[in-house]
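Letters A, B, ... are given to chains in the order of the sequence lines, protein chains preceding strands, and every chain is numbered from 1. Fair warning: this is a prediction, and the values are worked out from it, not measured in the lab.
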Amino acid sequence: MKIGYPCINWTIGCKGNKTFRLKSYSEDRLIETVNNNLDCLKKILNYNIKNNFLFFRITSDLIPFASHPICTFNWQDFFKQKFLELGEIIKDNDIRISMHPDQFIVLNSNREEVVNRSIKELEYHADVLDLMNLESDAKIQLHIGGAYGDKQKSISRFNEKYKKLDFKIKKRLVIENDDKIFSLKDCLNLFDKSGIPILFDVLHHKVLGDDEKIESVLEKQRKTWKKSDGIPMIDYSSQKDGFRPGSHAESIDLKDFKNFINDSKGYDFDIMLEIKDKEKSAFKALKIINSDHRFGKMRWNHG
DNA sequence: TCACGTCAAGCAGAT
DNA sequence: ATCTGCTTGACGTGA
């Protein structure tokens, strides 16, 4: 069981998700920005190692415009060495990595140009993880996408598109239940057709799910992950009081988190904390995990 | 130095 | 029709 937070670290004073306007695109600007982002990622990883945060989501902004037609620069080759170094740090310290392409990536869109752009963006994500030489347990998580009023058709369309993807994407792709359209049940439906592992989002399931016991849910999820996929991943976040169901809290709700950890006895998974204050809440979560004798002191002695 | 209009991209639901 | 949310405001022009 590892604990992580997504994309940004508020403590160390660098930003690894710097970008710029399309209008200001130039090769120099790209190189400068990517150098900044990769250097910052290294600092974040080192901070995380020191603090036992062994799960991290790398921002999709790492290489701005990587999949945009304007970018003809061979960033893969240019930054090869830096990627390799980052990969070494990640592997030497047994860090789990995920990425989460954003809302514009809709593999099953009914607009062909959207599908094509989405595939390019998925290739970019896969390239980043491949350049770091990471195993297939480094994952790219995606929602099922556009429903257009017919979920069954939408799921089938996703499966058709998935089948045609390059293996470098397929081996990393996992799907996440969302809080609006595609519930865990829908993801299981897609799994039956496609074999795509399910990343379980606890809060989304609370908003769009049923009262099924958490153990039973985790049991179903676990079965969707093959050995080569690694330990199942879950997203955990706390509900922001008084806001629409599913909106993320500033800080972790420790009572709720404790309950979740208690209810999930017997299951191992890596937890991504989608909480706005990032590492601050991760410290609190880690404390709870560490104080739970089930997990002992072990996991953090990864040497 | 700072205010503030705008930013590559999709989709769904609320107003 | 327009706005908001999504994992996260931040870029960059003009004064």
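Comparing B:dT1 with C:dT8, their P atoms are spaced 30 Å from each other, to the whole Å. With both ends at atom P, the span from C:dC3 to B:dT6 equals 11 Å, rounded to whole Å. Annotation: B:dG10 and C:dG9 have their P atoms spaced 22 Å apart (nearest Å). Separation of the C1' atoms belonging to B:dC2 and C:dT7 is 28 Å when rounded to the nearest angstrom. Nucleotides B:dG5 and C:dT4 place their P atoms 14 Å apart, quoted to the nearest Å. If you take atom P in B:dA9 and the same atom in C:dG12, they sit 16 Å apart, rounded to whole Å.
A:Phe65 comes within contact range of at least one nucleobase, with a heavy-atom separation under 4.0 Å.
Side-chain contact, A:Ser183 with A:Asp186: a donor N or O sits under 3.5 Å from an acceptor N or O. Side-chain contact annotation: A:Asp61 with A:Thr19, donor-acceptor N/O pair under 3.5 Å absent. Counted by atom type alone, A:Ser251 and A:Asp277 present one or more donor-acceptor pairs between their side chains at under 3.5 Å.
Through side-chain heavy atoms spaced under 4.5 Å, either directly or across other Ile, Leu, Val, Met, Phe, Trp or Tyr residues, A:Ile8 is tied to A:Trp10. When hydrophobic residues (I, L, V, M, F, W, Y) are linked wherever their side-chain heavy atoms come within less than 4.5 Å, the members clustered with A:Met272 are A:Phe55, A:Val174, A:Leu199, A:Trp225, A:Met233.
Look at CD on A:Glu112: it is 15 Å from P on B:dG10, rounded to the nearest Å. Spacing between atom CZ of A:Arg117 and atom C1' of B:dC11 amounts to 13 Å, rounded to whole angstrom units. To the nearest angstrom, P of C:dC6 lies 17 Å from CE of A:Met272. Remark: P of B:dG10 and CZ of A:Phe158 are 17 Å apart, rounded to the nearest angstrom. If you measure from atom CZ of A:Phe20 to atom P of C:dG12, you get 8 Å, rounded to the nearest angstrom.
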Side-chain donor-acceptor contacts of residues 75-83 of chain A below 3.5 Å, not counting sequence neighbours, with atom names and distances?
residue : atom : partner  : partner atom : Å
A:Gln76 : NE2  : A:Asp127 : OD2          : 3.3
A:Lys82 : NZ   : A:Asn35  : OD1          : 2.7
A:Lys82 : NZ   : A:Asp39  : OD1          : 2.9

Please output the side-chain donor-acceptor pairs of residues 128-150 of chain A that fall under 3.5 Å, not counting sequence neighbours, one pair per line with the distance.
residue  : atom : partner  : partner atom : Å
A:Asp130 : OD1  : A:Arg172 : NH2          : 2.8
A:Ser136 : OG   : A:Ser228 : O            : 2.8
A:Lys139 : NZ   : A:Ser136 : O            : 2.8
A:Lys139 : NZ   : A:Lys171 : O            : 2.9
A:Lys139 : NZ   : A:Asp229 : OD1          : 2.7
A:Gln141 : OE1  : A:Arg57  : NH2          : 3.4
A:Gln141 : NE2  : A:Glu176 : OE1          : 2.8
A:Gln141 : NE2  : A:Asp235 : OD2          : 3.0
A:His143 : ND1  : A:Glu176 : O            : 3.2
A:Tyr148 : OH   : A:Ser109 : OG           : 3.3
A:Tyr148 : OH   : A:Asn110 : N            : 3.2
A:Tyr148 : OH   : A:Asn110 : OD1          : 3.3
A:Asp150 : OD1  : A:Gln152 : N            : 3.3
A:Asp150 : OD1  : A:Lys153 : N            : 3.1

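Aromatic ring pairs are classed by plane angle as parallel below 30°, tilted from 30° to 60° and perpendicular above 60°; the pair A:His68 and A:Phe65 is perpendicular. Ring geometry for A:Phe283 versus A:Tyr47: interplanar angle over 60°, hence perpendicular rather than tilted (30 to 60°).
Remark: A:Phe200 pairs with A:His205 by the ring pair (Phe, Tyr, Trp, His ring centres under 6.0 Å) rule, at least two apart or across chains. Annotation: salt bridge (Lys or Arg N to Asp or Glu O under 4.0 Å) contacts of A:Arg29 (sequence neighbours excluded): none. Scored by the ring pair (Phe, Tyr, Trp, His ring centres under 6.0 Å) test, A:Phe56 finds A:Tyr5 as partners (sequence neighbours excluded). Residues meeting the ring pair (Phe, Tyr, Trp, His ring centres under 6.0 Å) test with A:Phe191, sequence neighbours left out: none.
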Pairs: protein N or O with nucleotides 13-15 of chain B N or O, under 3.5 Å:
none

Taking only nitrogen or oxygen atoms into account, show me every contact under 3.5 Å that the protein makes with nucleotides 7-10 of chain C, one pair per line with its distance.
residue : atom : partner  : partner atom : Å
C:dT7   : O4   : A:His100 : O            : 2.8
C:dT7   : O4   : A:Asp102 : N            : 3.4
C:dT8   : O2   : A:Asn17  : ND2          : 3.4
C:dA10  : OP1  : A:Lys15  : NZ           : 3.1

Writing each nucleotide of DNA chain B 5' to 3' as (, ), [, ], | or . by Watson-Crick or G-U pairing under 3.5 Å yields |||||||..||||||
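Here A:Phe104 does not pack flat against the base of B:dG10, since the 5.5 angstrom centre distance and 30 degree tilt limits are not both met.
For the OP1/OP2 pair of B:dC11 and a distance below 4.0 Å, the side-chain nitrogens and oxygens of A:Arg111 include at least one atom meeting the criterion.
Residues of residues 22-30 of chain A having a heavy atom closer than 4.0 Å to DNA chain C, listed by number: A:Ser24, A:Arg29.
Listed candidates were B:dA12, B:dA8, B:dG10. Nearest to the side chain of A:Ala147 is B:dA12.
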